[in-house]
Amino acid sequence: MTTTPVIDARGLRKTYGDTVALDSLDLRVDAGRIVGIIGPNGAGKTTLLNAILGLTAYEGELQVLGRDPWRERAALMHDVAFIADVAVLPRWIRVSQLLDYVEAVHPRFVRARAESFLERTTIRAKAKVKELSKGMVAQLHLAVVMAIDAQLLVLDEPTLGLDIIYRKQLFDALLDDYHERARTIVLATHQVEEIEHVVTDVVFLDRGRIALQATMDEVEQRYREVRVHPAQLGAARELVPIHEREALGQRIMLFEDVATERLAPLGDVRTPSVADLFIARVGDGARRSGS
Amino acid sequence: MRRFVWSLKRELWENPWVWRAPAGIAAVVLVGFVAWAPGKLPTQVAALASVLTAHSNNHLREPYEIVSGVMMGIGLLLAVIYCVDALYGERRDRSVLLWKSLPVSDLETVLAKLSIPTVVLPAIVWVTTVALQLAMLLVSTAVLAAHGQGAAVVWSSSRVLADAGPLLYHLVALHGIATSPIYAWILLVSARAPRAPLAWAILPPVAIGVLEKVALGTTRFAGLVVGRLGGGGAPSTATAASGSGGMMRLMDPTLAGLIAAPAFWLGLVVAAVFVFGAVRLRRSAQPA
């Protein structure tokens, strides 16, 4: 049985003059997943999210929760919550005013949930946003977004400019919320390590194209990293690694769809980190080898 | 409707000067009147008491009409200032990304913003003007009482209560709704200007005016714009015989005259086109 995807993009394309931001991209996100969209600066992450959120026009087909986001943004926002940037709360607004306004215009906003989140912080209801630190503003925005019973939560670089404590709190809150409500979460970042243990799926974006889309289970099954014994270098290269690098005097090779049994005699085998896989598929090494 | 009302409320939170500025200016004017009245008013009333004519009535009414005119001017100025920043400000501080994450349409947002100069500000100016005029009357009553004089002549001459209704009509219908093409134009510019929206709002009409003057030797476009800003949405229906009292001027053109004037409806169509454009531009608006 096939289920209706939360996000279904086919041939999605967006250009700015001669610059191609999204290049005929196909993407499917099913319900209940936490998808990390990872790419270097300028890869098209924000453009993709803006298209998904109805913030920018595009060519091709795109359905989000069965709606056309560009034509039906306001209706779509009943079921989608997003943080486009941690610095978009207006400086003049009071915390209580923000809660009042969102409560008034959003039928799925549960104020008690936001207040409960804020009680665990030092943010006062009467404070204006301009009186809060950047981390506190991020907490406030997160409290508002988490209190919306949305089917899809979209976060674009949610930790940009935040210190390690706030970053950890944000991802802890995100995971708590996910386990409580099992909604679909899409988050874009170029901080690969940060989301490695949070996401269920990864999408590598490179120059407007998808370089890899896989579940974390698939990553574990299909990719192996081997610290190759010097005597086995020739044999290892015969198995066509997708990436090769040197670290601490050792050659490290990354293989795709090669059985562990064939790799084990070559050296120490392990599952690569998402960061290593990202460099292999998107980084300079991949471009040189043309993979 | 609930979203629209709360969007209006949000505009007043963001721009509290929309009501604070008229209230502040009214307070300053009142202080000035309090300083002026004890020295001048009793003498003025005493001198006029023996010759109460239409002319002397006008003389006593003058301060109230001046106050009314000043507050109208302030209202127009504030309306223009508000429109210039209304859709530019949310792009400048990136808050447009927050507002667009909520289920409020671009049309609802733009209409809420247009309602500030067309309805809310005129209503605020009306409340502050009438309150100020009443306060002036109370001050006058107290000053005259202290000099053993009655204030009935001031109350009747000032026509504050009689003109309150016509003043509300004048502010909302003429300074608000009939001037909406200009406000909608500034909103349109505010939705798109990369920076300096005031310059972008002013320069094209000025260029058209200059072009018309050079090419045709006429100033019809400039007259049209200035006329709208002055509260003119239709040709005057007053006649020389109909008197020159405040109420007559406030009701010129009358509601019937306004509704019957093609220029009024043409203005609303132009405003609708600009609003449509502003909605389309906000739809794809990115932070400035």
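For clarity, every value in this text was computed on a predicted model and none was experimentally measured. Numbered from 1 within each chain, the chains take letters A, B, ... in sequence-line order.
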Inter-residue atom distance Leu118(A).CG - Leu140(A).CG, 0.5 Å rounding:
6.0 Å
Anything in residues 105-132 of chain B with a heavy-atom distance to chain A below 4.5 Å? Please list those residues in order.
Ser105(B), Asp106(B)
Could you check which of Leu53(A), Asp100(A), Thr56(A) has the highest count of heavy-atom pairs closer than 4.5 Å to chain B?
Asp100(A)
Between Glu72(A) and Arg67(A) (salt bridge meaning N to carboxylate O under 4.0 Å), is one present in this structure?
yes
Using a cut-off of under 4.5 Å on heavy-atom pairs, state which of Phe4(B), Trp13(B), Trp99(B) scores highest against chain A.
Trp13(B)
Could Arg283(B) and Trp70(A) be counted as a cation-pi pair, given that NZ or CZ must be under 6.0 Å from the ring centre and within 45° of the axis?
yes
Counting only non-hydrogen atoms closer than 4.5 Å, does Ala57(A) touch chain B with its backbone (N, CA, C, O), its side chain (CB onward), both, or neither?
neither
cation_pi(Lys14(A), Tyr16(A)) dist<6.0 Å, angle<=45
yes
Answer yes or no: is there an ion pair linking Asp149(A) with Arg183(A), defined by an N-O contact shorter than 4.0 Å?
no
Would you mind checking which part of Arg2(B) comes under 4.5 Å of any heavy atom in chain A, side chain (CB onward), backbone (N, CA, C, O), both or neither?
side chain
Determine yes or no for a side-chain-to-main-chain donor-acceptor pair under 3.5 angstrom, with Asn15(B) supplying the side chain and Trp17(B) the backbone.
no
Using non-hydrogen atoms and a 4.5 Å limit, figure out which bit of Val80(A) sits close to chain B: side chain, backbone, both or neither.
backbone
For atom CZ of Arg91(A), is the number of surrounding heavy atoms from other residues, nucleotides or ligands below 6.0 Å larger than 12?
no
Please confirm whether Arg195(B) makes a cation-pi placement over Trp200(B), using NZ or CZ under 6.0 Å from the six-membered ring centre and within 45° of the ring normal.
no
